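Please read the structure below before turning to the comments.
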Amino acid sequence: MDQKGQAAMVVLAVVAVIVLALLAIGGVYNGLVSSDVSVSNSWAKVQSAYQRRADLIPNLIETVKGYKNYEQETLTKIVELRSQAGAVQQQVKDARTGTELQAASSEMTGVLSRLMVIVEAYPDLKASQNFLALQDELAGTENRIKYERDNFNDAVKNYQVKVRSFPTNFLAGMFGFSPDKWKMFEAVAGAETAPVVKF
Amino acid sequence: MRKPFLFFLIVSLCITSVAAYPTLTKYVNDLAGVLSPGEIADLNEMAAEIQRNTTAEIVIVTVQNTEGVDRVEYGNRLIDANGIGKADKDNGVVVLWSEDNERGGAIATGRGIESKLNDAKVGRIGRASRTYFDNKEYYAGFKLALESIRIELDPVASSSNADDNAWLWILIFIIIAILIIKASKNSTGPYRSTSYIGHSIMSGGWHSGGGGFSGGGGFGGGSAGGGGARF
């Protein structure tokens, strides 16, 4: 082969290597993006579950308020709880981080506990169909929160494994995907206890 | 030579025996062995009909235990693991009964069907079925649950049953009879026309019923969000 031919071959080989490298890097980048978006999506679902609880509880208080046979004093307390629940509902809406969500959520738990203390004194209310339905809905919101948190933690796990594994970790740093971008849910002291509905 | 092999074999078996959610098929999965084949076929047909009328995939599962997982969560994990419910609608439901470990049931609902089958409704349905399960009348319990779910999903269609089909067949028979009589009065070539009419109606009429479900999985790819209630 003559010299010009050889030079052309070398250029071609270099170009091929560059193209392959770009494709490989592109693949890694897309994988990171996909994982990041997955976590983002899971986070939205967690917020949605917390929001559902926050929206539901004021409505449930309305249902309890509708019971006919309260004494005036009790009714006043329930109305007060209703407005407290409304305030916490807004708090949950405004929460931006996991910590804020959990803090707002424990406030809501407090409202709920105070409601249950009031209801304790009315056995025929406790036995009514409406109240059984209330129990189901409350348990349902707690279940959903746990479910979405578990899914979120799984998504974060996948993301962190990707970002911290060799050799992706070099590229991840370059592209701005830090392993600390997402944190898994940890049990915050007290916030994890579901409202203890004692009957 | 043998000892290391055995060791690795045992270790690998231990790793693979970590709790994975069972693979389910349409529509009845009697993993605890409490239903008879006739009952399974019957419940299967009920669920298949609900799928035909509403596209919702209602799956019945009995298990020996839920491996320490809360029953409602277990049902939801089953929906996610098997993709129960249509992918665009997420209308899957699992009606679960667990024999051990706190004997009880749960109805888990997919994301998209939660509005029609909210927690309070499935809780009520479950509690109504519970008395049958307590008496070990599993078939009756599941049947009541399925029927109640069907009513919630499609109050109009739930009134249709075999009686309506019977009237349809009587009507078809009358039409055939009239056509045959008309054709036989026609003097030009009666036999050909009657047999042709009779044959075409017969071949076209036998297709209803039999919802044709593919065995082994084949669910729509739906997902769950943790909803439902235990009973």
Side-chain angles (χ1 to χ4, degrees), chain A residues 38 41-64 66 101 105 112 125-155 157-158 185 192-197 199, chain B residues 18-21 66-81 83-84 90 92-94 96 102 104-131 145 148-149 152 222-231:
Chain A
S38 269
N41 186 31
S42 285
W43 173 247
K45 288 182 181 158
V46 171
Q47 281 189 302
S48 180
Y50 274 104
Q51 192 62 51
R52 181 202 162 93
R53 182 173 181 254
D55 292 343
L56 194 63
I57 287 175
N59 285 331
L60 294 179
I61 296 178
E62 280 294 328
T63 307
V64 168
L101 257 189
S105 184
L112 202 54
L125 170 62
K126 273 159 54 173
S128 72
Q129 272 296 116
N130 280 347
F131 204 71
L132 287 174
L134 191 154
Q135 256 182 285
D136 287 332
E137 291 287 344
L138 278 176
T141 59
E142 300 300 332
N143 289 339
R144 280 180 183 81
I145 287 174
K146 177 180 192 297
Y147 201 79
E148 299 296 7
R149 280 169 52 144
D150 286 347
N151 287 345
F152 174 77
N153 283 349
D154 280 344
K157 184 186 90 175
N158 289 338
F185 269 98
E192 209 192 39
T193 54
V196 179
V197 178
F199 293 113
Chain B
V18 165
Y21 294 93
T66 58
E67 302 182 35
V69 177
D70 167 73
R71 288 198 295 273
V72 177
E73 188 183 336
Y74 194 82
N76 275 280
R77 293 286 171 209
L78 284 174
I79 292 177
D80 272 338
I84 299 174
D90 285 334
V93 175
V94 163
L96 174 74
E102 226 188 75
I107 299 179
T109 49
R111 286 181 201 282
I113 211 170
E114 286 176 352
S115 46
K116 281 191 178 168
L117 289 174
N118 61 40
D119 300 342
K121 274 186 189 163
V122 295
R124 184 174 40 85
I125 291 171
R127 277 189 292 276
S129 316
R130 179 81 201 218
T131 40
S148 312
I149 289 172
E152 290 296 336
S223 68
R230 32 185 9 232
F231 61 90

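This structure is a prediction, so every number in the text was calculated from the model and none was measured. Numbered from 1 within each chain, the chains take letters A, B, ... in sequence-line order.
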- Item | Criterion salt bridge (charged side-chain N to carboxylate O under 4.0 Å, His left out) on B/Arg111 and A/Glu148, from CA distance to verdict | CA-CA 12 Å; B/Arg111 286 181 201 282; A/Glu148 299 296 7; 2.8 Å; yes
- Query: Does any heavy atom of chain A fall under 4.5 Å from the side chain of B/Arg77, the backbone, both, or neither of them?
  - Reply: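 Both the backbone and the side chain of B/Arg77 come within 4.5 Å of chain A.
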- Toward chain A, the part of B/Asn118 with a non-hydrogen atom under 4.5 Å: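 Both backbone and side chain.
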- Item | Residues that A/Ala54 engages under side-chain contact (heavy atoms from CB on, under 4.5 Å), provided they are two or more places apart |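 With neighbours one apart ignored, the set is A/Gln51, A/Gln89, A/Val92, A/Met108.
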- Message: Using the side-chain contact (heavy atoms from CB on, under 4.5 Å) criterion, which residues pair with A/Ser48? Sequence neighbours excluded.
- Response: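 So A/Ser48 forms no side-chain contact (heavy atoms from CB on, under 4.5 Å) with any residue.
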- CG-CG distance between A/Asp150 and B/Asn76, expressed to the nearest 0.5 angstrom: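 The distance works out to 11.0 Å.
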- Message: Please report the interatomic distance CZ(B/Arg124) to CG(A/Leu132), rounded to the nearest 0.5 Å.
- Response: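 Spacing of CZ (B/Arg124) from CG (A/Leu132) equals 11.0 Å.
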- Query: B/Gly228, B/Gly126, B/Gly227: which one forms the most heavy-atom pairs within less than 4.5 Å of chain A?
  - Reply: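 Between B/Gly228, B/Gly126, B/Gly227, the count favours B/Gly227.
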- Task: Kindly give the heavy-atom pair with the smallest separation between B/Ala229 and A/Asp136, and that separation in Å.
- Result: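 Scanning both residues, the minimum pair turns out to be CB-OD1, 4.3 Å.
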- Item | Considering all heavy atoms, the nearest B/Asp70-A/Asn143 contact |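 Closest approach of B/Asp70 to A/Asn143: OD2-OD1, 4.2 Å.
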